[in-house]
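Supplied in structure tokens, the structure appears directly below.
These numbers come from a predicted model, not from an experiment.
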Amino acid sequence: MAQTEKNMYLDTFTKFSRAHTSVLNYLSGPPALPEDMTITQFGVLEVLLHKGPLTHREIAAKILKSRGNLTMVIDHLERDGLVERLPVAGDRRSRRVALTPRGEKRIKTVFPLQAEAIRSVFGNLADQEVILLGQLCRKLGLSLAAENRSRKAEGKKPETASGGAQ
């Protein structure tokens, strides 16, 4: 691989990483989120609002977080009365996490703030650029998911969302 080609990939990766970090930082605090809510707590509440009760494993897969990190987040949400853990019929070890009425009210209040902040993030791009960016991100994500499935089938550890082996 030629040096300029290596630089192209590194340069693109650097821009992608910096943009991702900037977007997450923007969406992680006011006015996108209240000061007392983390982006991961928002993610859990949002997925439960739109998908209904889910297991820890299902939530982790939807919001791309490790189950270990998620347990602590759900513990805090449960402590605050925003979610509850419900038994799964026929599986004494498994629990589904569900929104409480208080949690549903909270996420329905916060979700529009986050949605408006997301619209604002992309405000400097034309509609067609937003669509293209979405298509490129989907293509990249699907190709890496296929690569991870292939690695898993070969007995190798797949890469996690954070880039390390699981």
Side-chain angles (χ1 to χ4, degrees), residues 16-17 19-122 133-166:
F16 176 80
S17 294
H20 176 259
T21 299
S22 294
V23 168
L24 281 182
N25 287 341
Y26 185 82
L27 297 176
S28 294
L33 284 181
E35 288 184 15
D36 64 341
M37 183 179 286
T38 68
I39 193 77
T40 304
Q41 289 172 330
F42 172 82
V44 170
L45 295 174
E46 185 273 332
V47 76
L48 294 174
L49 176 67
H50 291 105
K51 299 293 182 182
L54 299 170
T55 65
H56 281 232
R57 181 183 304 269
E58 292 166 332
I59 295 169
K62 295 283 185 198
I63 67 170
L64 303 176
K65 297 290 181 185
S66 72
R67 285 189 298 160
N69 175 259
L70 204 55
T71 297
M72 183 180 69
V73 171
I74 292 171
D75 285 347
H76 289 153
L77 291 170
E78 186 176 40
R79 176 200 67 204
D80 296 341
L82 301 175
V83 301
E84 60 185 340
R85 290 178 168 106
L86 305 171
V88 175
D91 186 352
R92 294 187 315 169
R93 295 181 302 159
S94 208
R95 298 273 182 261
R96 289 202 182 281
V97 180
L99 287 173
T100 63
R102 182 176 175 189
E104 185 174 348
K105 181 179 179 185
R106 178 84 163 142
I107 189 59
K108 284 183 174 179
T109 301
V110 174
F111 186 80
L113 301 173
Q114 187 74 187
E116 182 55 38
I118 291 169
R119 276 191 290 280
S120 177
V121 163
F122 294 104
L133 180 59
Q135 291 169 338
L136 292 172
C137 289
R138 180 169 167 56
K139 181 177 181 179
L140 180 61
L142 289 175
S143 69
L144 292 174
E147 174 69 23
N148 281 336
R149 282 191 300 276
S150 174
R151 290 173 60 92
K152 193 172 183 178
E154 293 171 4
K156 298 177 184 174
K157 291 188 177 200
E159 299 298 313
T160 64
S162 61
Q166 288 181 341

(request) Measure the shortest side-chain to side-chain distance between Leu133 and Phe122 over non-hydrogen atoms and say whether it is less than 4.5 angstrom. (result) yes
(request) Looking only at non-hydrogen atoms, find the nearest pair between Ala60 and Leu70 and report the distance. (result)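 Scanning both residues completely, I find the closest heavy atoms to be N-CD2, 3.3 Å.
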(message) Do Arg57 and Ser94 have side chains that approach each other closer than 4.5 Å (heavy atoms only, starting at C-beta)?
(response)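 No; the side chains remain at least 4.5 Å from each other.
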(request) Please name all residues satisfying side-chain hydrogen bond (donor to acceptor under 3.5 Å, both in side chains) with Ser120, sequence neighbours left out, ordered by chain then number. (result) Tyr26
(request) Give a yes or no on whether Arg92 atom CZ has more than 12 heavy-atom contacts from other residues, nucleotides or ligands under 6.0 Å away. (result)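 Incorrect, the count does not exceed 12.
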(request) Would you confirm whether Glu46, through its side chain, and Ile107, through its main-chain N or O, come within 3.5 Å as a donor-acceptor pair? (result)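 Checked: no pair found.
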(request) Search all heavy atoms of Leu113 against all heavy atoms of Ala32 and return the closest pair with its distance. (result) CB-O, 3.7 Å
(request) Of all the heavy-atom pairs spanning Thr100 and Val83, show the shortest one and how long it is. (result) CG2-C, 3.6 Å
(request) Kindly indicate whether the side chain of Met37, heavy atoms from C-beta on, has any atom under 4.5 Å from the side chain of Leu45. (result)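 With C-beta onward as the side chain, the pair touches.
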(request) Please answer whether the main-chain N or O of Glu84 pairs with a side-chain N or O of Glu78 as donor and acceptor at a distance below 3.5 Å. (result) no
(request) For the residue pair Ile59 and Ile74, establish whether any side-chain heavy-atom pair is separated by less than 4.5 Å. (result)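 A side-chain contact under 4.5 Å exists here.
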(message) Distance check, rounded to the nearest 0.5 Å: Leu77 atom CG versus Gln41 atom CD?
(response)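 Spacing of CG (Leu77) from CD (Gln41) equals 5.0 Å.
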(message) Does any part of the side chain of Gln114, heavy atoms only, come nearer than 4.5 Å to the side chain of Ile39, both counted from C-beta?
(response) yes
(request) Give, for atom CG of Leu140 and atom CD of Gln135, the distance between the pair rounded to the nearest 0.5 Å. (result) 13.5 Å
(request) Using a strict cut-off of less than 4.0 Å between a Lys/Arg side-chain nitrogen and an Asp/Glu carboxylate oxygen, indicate whether Asp75 and Arg85 qualify as a salt bridge. (result)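 Yes, this pair counts.
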(request) Please round to the nearest 0.5 Å and tell me the distance separating atom CG of Asn25 and atom NE2 of His20. (result)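 Going from CG on Asn25 over to NE2 on His20, the span is 10.0 Å.
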(message) For the CZ atom of Arg96 and the CG atom of Leu48, what is their distance to the nearest 0.5 Å?
(response)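 The CG atom of Leu48 is 11.0 Å from CZ of Arg96, to the nearest 0.5 Å.
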(request) Only counting residues at least two apart or in another chain, list the ones meeting salt bridge (charged side-chain N to carboxylate O under 4.0 Å, His left out) with Glu147. (result)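 Listed in chain order: nothing, the list is empty.
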(message) Run the salt bridge (charged side-chain N to carboxylate O under 4.0 Å, His left out) test against Arg95 and tell me which residues pass, sequence neighbours left out.
(response) none
(message) Could you tell me if the side chain of Asp36 sits less than 4.5 Å from the side chain of Asp80, heavy atoms only?
(response) no
(message) Nearest 0.5 angstrom please: Leu144 CG to Lys139 NZ, how far?
(response) 12.0 Å
(request) Answer whether the closest heavy-atom distance between the side chains of Leu33 and Thr38 falls below 4.5 Å. (result)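 No, every pair of side-chain atoms sits at 4.5 Å or beyond.
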(message) How long is the straight-line distance from CG of Leu27 back to OG of Ser22, given to the nearest 0.5 Å?
(response)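 Reported value, rounded in 0.5 Å steps: 10.5 Å.
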